[in-house]
Structure formats: structure tokens, C-alpha cells
Engineer: 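Below is a structure I'd like to ask you about.
The shown structure was predicted, so the numbers you read here are calculated from the model rather than taken from an experiment. Just so you know, these numbers use all the heavy atoms, side chains as well, and skip hydrogens, waters and symmetry mates.
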Amino acid sequence: MKVVLLAGGFGSRISEESVFKPKPMIEIGGMPILWHIMKEYAYYGHNEFIICAGYRQEYIKEWFNNYFLHNSDVTFDYRNGKNEITIHESHPEPWKVTVVDTGYNTMTGGRIKRIQKYVGGEPFFMTYGDGVCDVNVNRLLEFHKKHGKIATLTAVKMAQEKGVLDIGGDYAVKSFREKNKTDGAPINAGYMVLEPEIFELLDGDSCIFERKPLEMLANRGELMSYIHEGFWQCMDNIREKQMLERLLQENKAPWKKWEREVPDDHTKR
């Protein structure tokens with residue numbers, strides 16, 4: 001199943017690095033956080049990605065354009081006045097990645113609307129490009145299929161500034177409202193499953209997915225929550241980036257279910 005990743009925002013709260021690159025391309029453990037999220041889905045067998053790019057979208061395209069080369073053993077032969085390249089061994093993931101320029105100032109709902117033609121008439125995963133999680137996305141998908149509603153989001157209970165949920169005993173989201181820093185209620189962690197009917201609720205570049213569309217779904221009883229009691233963490237600032245880096249360095253990163261050496265943090269030396 002296709003995985004849609006929102007990766008077009010400015011990342012103003014982590015401007016120390018996002019001034020040079022899109023926030024989802026900021027590295028933790030030597031690789032962009034976007035790559036970590038893609039590895040999560042790939043671990044469960046989902047290898048087709050659609051990236052909703054915007055701010056510095058050329059950076060994302062160039063990174064993936066070079067990804068095969070950077071993960072291969074290569075000989076560059078300049079003899080005889082030529083530039084001959086021989087690939088000896090390659091180690092990239094078996095991914096299909098579509099990077100779409102969804103506009104510089106487009107809101108989240110507008111970005112999803114713009115990639116409709118790449119999704120087609122199928123259900124799809126959707127999440128944000130700045131948070132890692134150890135949720136089992138296949139169980140999430142099973143839950144979604146079982147209830148038959150238009151949308152399922154992953155809910156976690158943390159004191160964070162995210163979209164707040166009022167969840168009923170049947171796991172239906174009764175209401176959806178914007179964040180409040182004092183809330184301790186379950187919050188929207190992303191990691192959603194959406195039916196193609198969602199596109200009917202998205203009405204242009206100014207559409208904010210977390211407001212009218214999710215509120216309408218909640219009011220109609222079409223928004224369900226998958227309760228996740230494990231790890232989830234977004235990367236909104238340098239402090240959170242450093243925390244994720246530390247978890248990787250100490251081999252305690254719950255979302256890391258694959259084998260890959262984490263490089264040393266040379267800034268500590």
C-alpha cells in the first residue's frame with residue numbers, strides 16, 4: 001500500500017537547521033528523519049512512497065537522486081578522456097519514491113489533495129515527515145479495515161501541543177480540536193490510514209487537514225483512533241533532535257527495527 005509523507009513545511013521552530021534544508025531532511029543518526037520514517041513502513045512491507053514536498057523541494061529530489069550512488073561501491077574511470085562509472089555492489093532499499101512539488105505555501109490538506117492522482121482510488125497510509133514511532137502499521141491497517149470508516153489515526157497520550165482527541169469507548173473520535181499546551185488528553189500522532197473518499201473533503205491549497213476535514217469526519221462518525229501505548233516523538237526543536245540522536249547512539253531507539261550502524265557523534269569529541 002502507498003505511503004504518503006507530508007514533507008513540505010518550513011520547520012520554523014528548528015530554524016537552526018531548516019534554513020538550509022526541509023525539516024524532514026534534518027539528520028538523526030546520520031540519515032534524514034524522513035528516511036527513518038520510511039524505514040519504519042518498509043519494515044512492515046510497504047515500499048512505495050509519495051512525498052509531498054514544498055519548501056526546498058529540490059533538496060529532497062537531489063537527495064534521492066544521489067541515494068543509489070551513495071549506497072553503492074563505484075569505480076570512476078577518467079582514463080582516455082572519459083568519465084566511465086562502474087557500479088560494483090549496491091545497497092539501497094527496494095523503494096519506489098515519488099517526490100511531488102505540492103507548493104511553497106500550501107497547507108497540509110492542500111498538499112494531500114495535490115497528490116491524489118498518484119494515489120488513485122485506493123486506501124493509503126499518511127503521516128508527517130517529522131516524527132518517529134514504533135507502532136505496528138500492519139495492525140493499524142487491520143484495525144482500519146475492520147471498522148470500515150474513512151479515516152484512522154494513531155492516538156498517543158502525551159502532554160504535547162498537538163491536535164486533541166475526544167475518544168469514545170468504541171474508539172471513535174467524537175471530536176477533534178486544535179492543540180492546547182495544558183492538555184493531557186490523547187493526541188493525534190499521525191500514522192493514519194485514509195480511504196480515497198478523503199479527497200472529497202479537501203478543497204484547495206488553503207485547506208488545513210487537521211481542522212475542517214478531520215472535524216467533519218469526527219462529526220460524521222468517520223474518524224477512528226488506533227490507541228498506541230508505545231513510543232512516539234516528533235522533532236520540533238533542537239532539544240528533541242538531540243534526544244532522538246541520543247537514543248540512537250545508545251541503541252535504545254524504539255522505532256529502529258532494522259540493522260544499520262549509527263555513526264559516532266563527533267561533536268562530543
Engineer: Can Met126 and Ile112 be said to form a side-chain contact (heavy atoms from CB on, under 4.5 Å), step by step?
Structural biologist: CA-CA 9 Å; Met126 193 285 290; Ile112 298 169; 4.0 Å; yes

Engineer: Between Asp205 and Arg114, is there a side-chain N and carboxylate O pair less than 4.0 Å apart?
Structural biologist: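 Judged by the 4.0 Å cut-off on N to carboxylate O distance, Asp205 and Arg114 do form a salt bridge.
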
Engineer: Arg56 and Lys21: which non-hydrogen atoms are nearest, and at how many Å?
Structural biologist: NH1-N, 4.2 Å

Engineer: I need the Phe124 CZ to Glu195 CD distance, nearest 0.5 Å.
Structural biologist: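 If we round to the nearest 0.5 Å, Phe124:CZ and Glu195:CD are 9.0 Å apart.
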
Engineer: Is Glu197 reaching over with its side chain to a backbone N or O of Ile150, donor-acceptor style, under 3.5 angstrom?
Structural biologist: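 No, the answer is negative, given that no donor and acceptor are paired below the 3.5 Å cut-off.
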
Engineer: I need the Leu140 CG to Thr127 OG1 distance, nearest 0.5 Å.
Structural biologist: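 Reported value, rounded in 0.5 Å steps: 9.5 Å.
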
Engineer: Does the pair His46 and Asn138 meet the rule for a side-chain hydrogen bond (donor to acceptor under 3.5 Å, both in side chains), with working shown?
Structural biologist: CA-CA 9 Å; His46 306 285; Asn138 284 343; 2.7 Å; yes

Engineer: Please answer: with hydrophobic residues joined when any side-chain heavy atoms are less than 4.5 Å apart, are Ile26 and Met243 in the same cluster?
Structural biologist: yes

Engineer: With distance as the sole test, does Asn66 use its side chain to make a donor-acceptor pair with the main-chain N or O of Leu69 at under 3.5 Å?
Structural biologist: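 A pair under 3.5 Å: no.
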
Engineer: Just verifying a value: how many Å separate Glu48 CD and Tyr118 OH, rounded to the nearest 0.5 Å?
Structural biologist: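 So the gap between those two atoms works out to 12.5 Å.
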
Engineer: Same cluster for Ile50 and Met107 if Ile/Leu/Val/Met/Phe/Trp/Tyr side chains link at under 4.5 Å?
Structural biologist: no

Engineer: Measuring from Phe49:CZ to Leu5:CG, what's the distance to the nearest 0.5 Å?
Structural biologist: 7.0 Å

Engineer: Just say parallel, tilted or perpendicular for the rings of Tyr78 and Phe76, cut-offs at 30° and 60°.
Structural biologist: parallel

Engineer: Could you walk me through whether Cys234 and Glu240 pass the side-chain contact (heavy atoms from CB on, under 4.5 Å) test, one step at a time?
Structural biologist: CA-CA 7 Å; Cys234 63; Glu240 291 171 344; 4.0 Å; yes

Engineer: Return yes when atom NZ of Lys145 has more than 12 non-hydrogen atoms of other residues, nucleotides or ligands closer than 6.0 Å, and no otherwise.
Structural biologist: no

Engineer: Does a side-chain N-to-carboxylate-O contact under 4.0 Å join Glu142 and Lys146?
Structural biologist: no

Engineer: Which pair of non-hydrogen atoms, one from Asn47 and one from Ala42, has the smallest distance, and what is that distance?
Structural biologist: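 Heavy atoms of Asn47 and Ala42 come nearest at OD1-CB, 3.2 Å.
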
Engineer: Report yes or no: does Arg111 contribute a side-chain atom to a donor-acceptor pair with the main-chain N or O of Leu6 at less than 3.5 Å?
Structural biologist: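 No; judged by distance alone, with no hydrogens or angles, the pair does not exist.
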
Engineer: Please determine whether salt bridge (charged side-chain N to carboxylate O under 4.0 Å, His left out) holds for the pair Glu245 and Lys241, giving the CA-CA distance in whole Å, both sets of side-chain angles, and the decisive distance to 0.1 Å.
Structural biologist: CA-CA 6 Å; Glu245 289 269 17; Lys241 176 185 184 298; 3.2 Å; yes

Engineer: Can you establish whether the number of heavy atoms outside Glu250 located under 6.0 Å from its atom CD is more than 12?
Structural biologist: yes

Engineer: Would you say Lys157's side chain and Ile187's backbone share a donor-acceptor pair under 3.5 angstrom?
Structural biologist: no

Engineer: Out of the candidates Met25, Glu40, Glu93, only one should pair with Trp35 under the side-chain contact (heavy atoms from CB on, under 4.5 Å) rule; please name it.
Structural biologist: Glu93

Engineer: Out of curiosity, Leu244 CG to Gln242 CD, how far, rounded to the nearest 0.5 Å?
Structural biologist: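 CD of Gln242 is found 10.5 Å from CG of Leu244.
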
Engineer: State plainly whether one hydrophobic cluster holds both Met192 and Met216, where clusters connect Ile, Leu, Val, Met, Phe, Trp and Tyr through side-chain heavy atoms under 4.5 angstrom apart.
Structural biologist: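 Yes, one cluster joins them.
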
Engineer: How about Trp255 and Phe231: are their ring centroids closer than 6.0 Å?
Structural biologist: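 Centroid distance Trp255-Phe231: below 6.0 Å, so yes.
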
Engineer: Where do Met224 and Phe143 come nearest, in terms of heavy atoms and distance?
Structural biologist: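 Smallest interatomic distance, heavy atoms only, reads CB-CE2, 4.2 Å.
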
Engineer: Would you say the side-chain atoms of His91 pair up with the backbone N or O of Ser72, donor to acceptor, closer than 3.5 Å?
Structural biologist: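 No.
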
Engineer: Return the minimal non-hydrogen interatomic distance between Ala53 and Val99, and the atom names on each side.
Structural biologist: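 Closest heavy-atom pair between Ala53 and Val99: CB-CG1, 4.0 Å.
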
Engineer: Any salt bridge (Lys or Arg N to Asp or Glu O under 4.0 Å) involving residues 61-77? Give me the pairs, sequence neighbours left out, ordered by first then second residue.
Structural biologist: Asp77-Arg79

Engineer: Are Phe125 and Ile227 connected into the same hydrophobic cluster when the rule is that any two of I, L, V, M, F, W, Y join if their side-chain heavy atoms are below 4.5 Å apart?
Structural biologist: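 In one cluster with Ile227: Phe125, yes.
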
Engineer: Are the aromatic ring centres of Tyr128 and Phe209 under 6.0 angstrom apart?
Structural biologist: no

Engineer: Which atoms form the tightest heavy-atom contact between Leu214 and Asn188, and what is the distance?
Structural biologist: CD1-ND2, 4.2 Å

Engineer: When rounded to the nearest 0.5 angstrom, what distance separates CD1 in Ile33 from CD1 in Ile28?
Structural biologist: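 CD1 of Ile28 is found 4.5 Å from CD1 of Ile33.
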
Engineer: Out of curiosity, does Trp95 fall in the hydrophobic cluster containing Phe68 (side-chain heavy atoms, cut-off under 4.5 Å, transitive links)?
Structural biologist: no

Engineer: Considering non-hydrogen atoms only, spot the tightest contact between Ala151 and Leu194 and give its length.
Structural biologist: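 Heavy atoms only, the tightest pair is CB-CD2, 3.5 Å.
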
Engineer: Should Lys23 and Asp236 count as an ion pair when the cut-off is N to O under 4.0 Å?
Structural biologist: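 Counted as a salt bridge, because a side-chain N and a carboxylate O are separated by less than 4.0 Å.
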
Engineer: Taking the six-membered ring for Trp, is the centroid-to-centroid distance between Trp63 and Tyr67 below 6.0 Å?
Structural biologist: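 Aromatic pair counts; centres sit under 6.0 Å.
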
